[in-house]
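Worksheet for the structure shown next.
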Amino acid sequence: MSFTKVVIERETDSEEESSSGEENDQVDDYPSQEEEEDDNDQVVENEASTTTSRKPKTKHITISLKKVCKVCKRPGHEAGFKGATYIDCPMKPCFLCKMPGHTTISCPHRVTTEFGVIPAPRRGTHNSLEYVFARQLRPCISAIKPAVVIPDQVNCAVIRYHSRRVTCLEFHPTNNNFLLSGDKKGQLGVWDFKRVHEKTVYGNIHGCILNNLKFNPTNDGTVYGASSDGTISCTDLETGMSMGLINLNPNGWQGSSSWRMLYGLDINSQRGNLVAADNFGSLYMVDMRSNSTMGDPVLIHKKGSKVTGLHCHPHQPDLLLSCGNDHFARIWDMRKLEAGSSIYDLAHNRVVNSAYFSPQSGSKILTTSQDNRLRVWDSIFGNMDSPSREIVHSHDFNRHLTPFRAEWDPKDPSECLVVIGRYISENYNGAALHPIDFIDISTGQLVAAVMDPNITTISPVNKLHPHDDVLASGSSRSIFIWRPKEKFESELQGDEKMIILCGKGEKKRRQSDDESDDAIYRSKGKSLKTKKPSLKSSSHGRKRKC
DNA sequence: ACGGGATGTCGCC
DNA sequence: TGGCGACCCTCCCG
């Protein structure tokens with residue numbers, strides 16, 4: 001192991017070294033004497049003695065510019081990006097599966113097409129019913145699984161659409177080309193991605209993070225939003241006029257310990273209720289006919305902990321699913337909602353970012369937890385005491401990123417395909433890219449990892465279209481629409497894409513809210529004549545059918 | 001090109 | 001139980 005060595009000459013006259021502390025500063029407080037000896041003491045000592053004997057009046061400080069690990073500050077190894085490949089610190093547990101003894105590079109879960117699956121232990125699974133299921137039914141299920149087309153090419157995009165990072169996306173339920181987006185600032189974007197220049201951002205609805213958006217099932221011209229400003233809004237998409245349904249901070253800012261934020265949001269159309277939950281563990285219900293709150297808030301997660309998500313069962317109006325920072329996802333009967341009365345508590349090792357019933361039958365639950373695992377809980381064939389499957393996948397918590405949430409494909413009748421962005425990057429031809437992963441939860445296999453060489457940021461927010469083969473992804477402040485390559489080519493005649501670049505900076509955006517900053521580029525497969533993001537056709541995007 | 005800032009969660013005291 | 005500091009493969013801006 002050889003490190004660069006630099007010798008600094010310093011005039012000291014006859015004076016003794018004033019303080020060792022100063023010297024320590026120069027060598028960056030590290031390494032300590034003992035470890036210095038351990039590593040390459042010989043060189044250091046020789047250097048010091050020869051230099052001092054040659055020039056007695058000059059004190060030489062030998063600095064070994066040891067490449068110190070950026071993560072653990074120890075010498076002998078390096079961590080961080082080497083080109084487009086990230087080298088893990090060997091002192092830390094694997095960044096992917098969180099187990100000690102190896103790094104991400106050598107993690108057995110890294111190649112998720114082959115591994116990545118831990119079948120969770122299931123008690124009492126050796127009965128005859130289980131045997132019959134495994135022997136006779138399971139092969140049929142995989143055989144009838146329909147071919148799924150993966151949207152793998154960027155079709156159009158709005159670069160820097162929002163002035164802060166995107167936090168949620170929602171497709172319009174009936175108008176297939178409309179995408180709504182929320183951001184960290186509380187702004188609501190309405191974009192017609194078929195006529196890409198038709199986009200609006202409403203900035204006066206919420207004061208901070210727009211955490212969730214849900215359409216009104218009886219009037220799809222209005223959308224509800226839950227925000228960290230403590231309000232639930234109901235906004236008319238045409239006018240941008242908004243009405244508040246709940247305000248948990250009517251007295252304004254009284255300090256962070258009392259400020260309430262709303263995260264989870266869903267609509268129970270059969271019961272005519274809107275449910276929302278806050279960062280103190282409470283659930284609120286609103287009657288959508290009268291827009292009035294119903295009853296008192298109910299504590300559904302640990303007191304003082306954030307409820308990160310809510311989801312109503314697609315068929316059974318009495319079932320509600322919640323998840324939170326107390327490491328649990330819980331199933332509730334809405335007819336008797338009271339603290340501690342949950343039907344099931346689904347335990348996780350870390351914070352649960354999201355929990356969703358499967359979109360068609362509602363018989364499965366998909367959870368995303370910050371322990372880098374997706375879990376599937378099966379209410380028909382599984383035991384709700386433990387997940388029927390755990391899938392190791394990189395979607396860690398990072399305070400600067402919108403939390404990752406694995407989402408079902410609403411069009412997949414077999415309820416197997418889910419989409420989720422990936423945190424750790426992969427080296428694709430010298431670029432560190434963060435793919436959006438499509439995973440088959442019945443096998444744990446990675447079906448596709450889609451990426452574009454121009455999207456170098458992480459895409460934590462992803463939504464699959466309810467009817468079409470379209471994926472919307474939110475990456476930093478930009479929004480991308482992905483479509484399958486075949487469709488893309490037949491419908492758009494070649495590689496044509498529409499890319500909109502919004503204003504360069506926030507300052508500019510603030511000064512003029514008109515579209516003058518925007519530039520629209522049309523691309524026919526060739527690279528754009530601009531240094532701005534060009535979104536050239538990607539040769540990296542992989543597409544497979546499952 | 002580099003450095004600062006924003007700021008969730010968790011473990012420790 | 002509450003406050004504080006460490007964690008972190010971010011991302012944007014000056």
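Convention: sequence-line order gives letters A, B, ...; per-chain numbering from 1.
Among residues two or more places apart in sequence or in another chain, the ring pair (Phe, Tyr, Trp, His ring centres under 6.0 Å) test is passed with A:His206 by none. Here A:Glu426 pairs with A:Arg110, A:Arg422, A:Tyr428 under the side-chain contact (heavy atoms from CB on, under 4.5 Å) rule; sequence neighbours left out. Residues satisfying the ring pair (Phe, Tyr, Trp, His ring centres under 6.0 Å) test with A:Phe81, not counting sequence neighbours, are A:Tyr86. The salt bridge (charged side-chain N to carboxylate O under 4.0 Å, His left out) search around A:Lys303 returns none, not counting sequence neighbours. Every residue meeting the side-chain hydrogen bond (donor to acceptor under 3.5 Å, both in side chains) condition with A:Tyr423, not counting sequence neighbours, appears here in chain and number order: A:Asn398. With sequence neighbours excluded, no residue satisfies side-chain hydrogen bond (donor to acceptor under 3.5 Å, both in side chains) with A:Ser476. In this structure A:Asn325 satisfies the side-chain hydrogen bond (donor to acceptor under 3.5 Å, both in side chains) test with no other residue, sequence neighbours excluded. Partners of A:Phe178 according to the side-chain contact (heavy atoms from CB on, under 4.5 Å) rule, which considers only residues two or more places apart in sequence or in another chain, are A:His172, A:Asn175, A:Val190, A:Asp192. A:Trp482 pairs by the ring pair (Phe, Tyr, Trp, His ring centres under 6.0 Å) definition with nothing, not counting sequence neighbours.
Rounded to an integer number of Å, the gap from CZ of A:Phe404 to P of B:dG8 is 16 Å. One atom, NZ of A:Lys92, and another, P of C:dA6, lie 12 Å apart when rounded to the nearest Å. The nearest whole Å value for the distance from the CZ atom in A:Arg160 to the P atom in C:dC12 is 9 Å.
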At a cut-off of 3.5 Å, list every protein nitrogen or oxygen paired with a nitrogen or oxygen from nucleotides 9-13 of chain B, distance to 0.1 Å.
unit_1, atom_1, unit_2, atom_2, d
B:dT9, OP1, A:Lys306, NZ, 3.3
B:dT9, OP1, A:Asn325, OD1, 3.3
B:dT9, OP1, A:Asn325, ND2, 3.1
B:dT9, OP2, A:Lys306, NZ, 3.4
B:dT9, OP2, A:Asn325, ND2, 3.0
B:dC10, OP1, A:His327, NE2, 3.4

Output one line per pair: protein atom, nucleotide atom from nucleotides 3-5 of chain B, and distance, for all N/O pairs under 3.5 Å.
none

Restricting both atoms to N or O, compile the protein contacts to nucleotides 9-11 of chain C shorter than 3.5 Å, with distance only.
unit_1, atom_1, unit_2, atom_2, d
C:dC9, O2, A:Ser425, N, 3.3
C:dC9, O2, A:Ser425, OG, 2.9
C:dC11, OP1, A:Ile458, N, 2.6
C:dC11, O3', A:Ser476, OG, 3.3

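In this pair, A:His395 and A:Phe404 present their aromatic rings tilted. The plane angle is within the 30 to 60° band.
Contacts of A:Lys184 with the nucleic acid, taken as non-hydrogen atoms under 4.0 Å apart, involve only primed sugar atoms and P, OP1 or OP2.
B:dG11 and C:dC9 are spaced 23 Å apart, taking the C1' atom of each and rounding to whole Å.
Closest approach of A:Thr103 and A:Pro90 over heavy atoms only: CG2-CA, 3.9 Å.
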